[in-house]
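Structure, as structure tokens:
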Amino acid sequence: MKALWTPWRMEHVLGTAPKTSGCLFEPPGAAIQDKSRLLLFRDGLTVVLLNRFPYANGHLLLAPRRHLADLTDLAPEENCRLMALLTACCTILRRRLRPDGINIGLNLGAVAGAGIADHLHFHLVPRWQDDHNFMTVCAEIRTIPQHIERTFDALAPDFLALPPSSAP
């Protein structure tokens with residue numbers, strides 16, 4: 001039997017992970033980037049985070065800054081910025097992690113599978129040919145080949161290079 005090491009999850013498993021107040025997609029402060037919060041990018045309209053409990057290495061979360069539950073609540077400039085940043089996220093993932101494909105998902109509402117239903121967000125999940133993706137189906141195990149902090153370090157410079165939106 002082979003061991004799959006995911007030591008960063010232990011606090012989550014034991015329930016000792018620090019509780020955060022507020023919404024995951026509304027990290028405190030004004031910093032464009034914050035490694036301790038896995039915040040890769042923030043501007044006046046959007047936020048990009050690394051998923052702390054990813055389905056695959058490089059799993060990103062993209063959300064509007066405003067706390068909205070549905071696409072129909074987005075202002076036109078928020079909608080445009082989200083789509084532009086969705087494209088930029090794909091470009092950065094392809095450049096830095098070289099996935100063979102990327103799943104992009106948006107679950108609207110708890111019934112549709114949204115874990116945080118009151119703040120809409122996209123999932124970007126890189127995928128590689130012949131990866132361990134069968135593990136989740138067969139054994140309810142996920143394998144992540146790179147520590148999340150190393151993934152953050154690999155992606156962070158490209159996100160800092162993105163131009164911010166012109167909105168506040």
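Here, residue 1 is the first one in the sequence, and each next residue gets the next number.
The two atoms that bring W128 and N57 nearest to each other are CH2-O, 3.4 Å, heavy atoms only. In this structure, A117 and A69 approach most closely via the heavy-atom pair O-CB, 3.7 Å. Residues A154 and P157 share a closest heavy-atom pair of O-CD, 3.8 Å. For the residue pair A63 and L82, the shortest heavy atom distance occurs at C-CD2, 3.8 Å. L97 approaches P126 most closely through the heavy-atom pair CD1-CG, 4.4 Å.
In this structure, OG1 in T91 is found 9.5 Å from CG in D158, a value given to the nearest 0.5 Å. For the atom pair CZ (R52) and CZ (R37), the distance works out to 9.0 Å, reported to the nearest 0.5 Å. C90 contributes atom SG, which lies 3.5 Å from atom CD1 of I104 (distance to the nearest 0.5 angstrom). The line from SG of C23 to NE2 of H121 is 9.0 Å long, rounded to the nearest 0.5 Å. Here the CG-CD distance, from D100 to Q129, works out to 6.0 Å after rounding to the nearest 0.5 Å. Taken from CG in L124 to CG in N103, the straight-line distance is 9.5 Å, to the nearest 0.5 Å.
Side-chain contact between P64 and L74 is present, with heavy atoms from C-beta onward closer than 4.5 Å. Contact check for V48 versus L85: side-chain heavy atoms found under the 4.5 Å cut-off. In this structure, E26 and R65 have side chains that are not in contact, with every pair of non-hydrogen atoms separated by 4.5 Å or more. Between L62 and L49 the shortest side-chain heavy-atom distance does not fall below 4.5 Å. With contacts defined as side-chain heavy-atom distances shorter than 4.5 Å, the pair D118/L68 does not qualify. At least one side-chain heavy atom of L93 sits less than 4.5 Å from a side-chain heavy atom of L155. Residues R81 and S165 form a side-chain contact, since some pair of their non-hydrogen atoms from C-beta on lies under 4.5 Å apart. The shortest distance between side-chain heavy atoms of N51 and H123 falls below 4.5 Å.
Using a distance-only test at 3.5 Å, with no hydrogens or angles considered, a donor-acceptor pair links the side chain of Q33 to the main chain of L40. Panel note: side chain D70, backbone D73; no donor-acceptor pair is recorded below 3.5 Å.
Crowding of L160 atom CG: a count of heavy atoms from other residues, nucleotides or ligands under 6.0 Å exceeding 12.
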Verdict with reasoning, D43 to I32, per side-chain contact (heavy atoms from CB on, under 4.5 Å):
CA-CA 7 Å; D43 66 13; I32 292 172; over 6 Å; no
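Using a 30° and 60° split on the angle between ring planes, F25 and H119 fall in the tilted class, from 30° to 60°.
Tested against L60, the residues F159, F122, F41 include a single side-chain contact (heavy atoms from CB on, under 4.5 Å) partner, F159.
Ion pairing between R66 and E78 holds under the 4.0 Å rule for side-chain N and carboxylate O. Between K35 and D153 there is a salt bridge, since a side-chain N of the basic residue sits under 4.0 Å from a carboxylate O of the acidic one. Checked for salt-bridge contact, D34 and R42 miss the test: no charged N lies under 4.0 Å from a carboxylate O.
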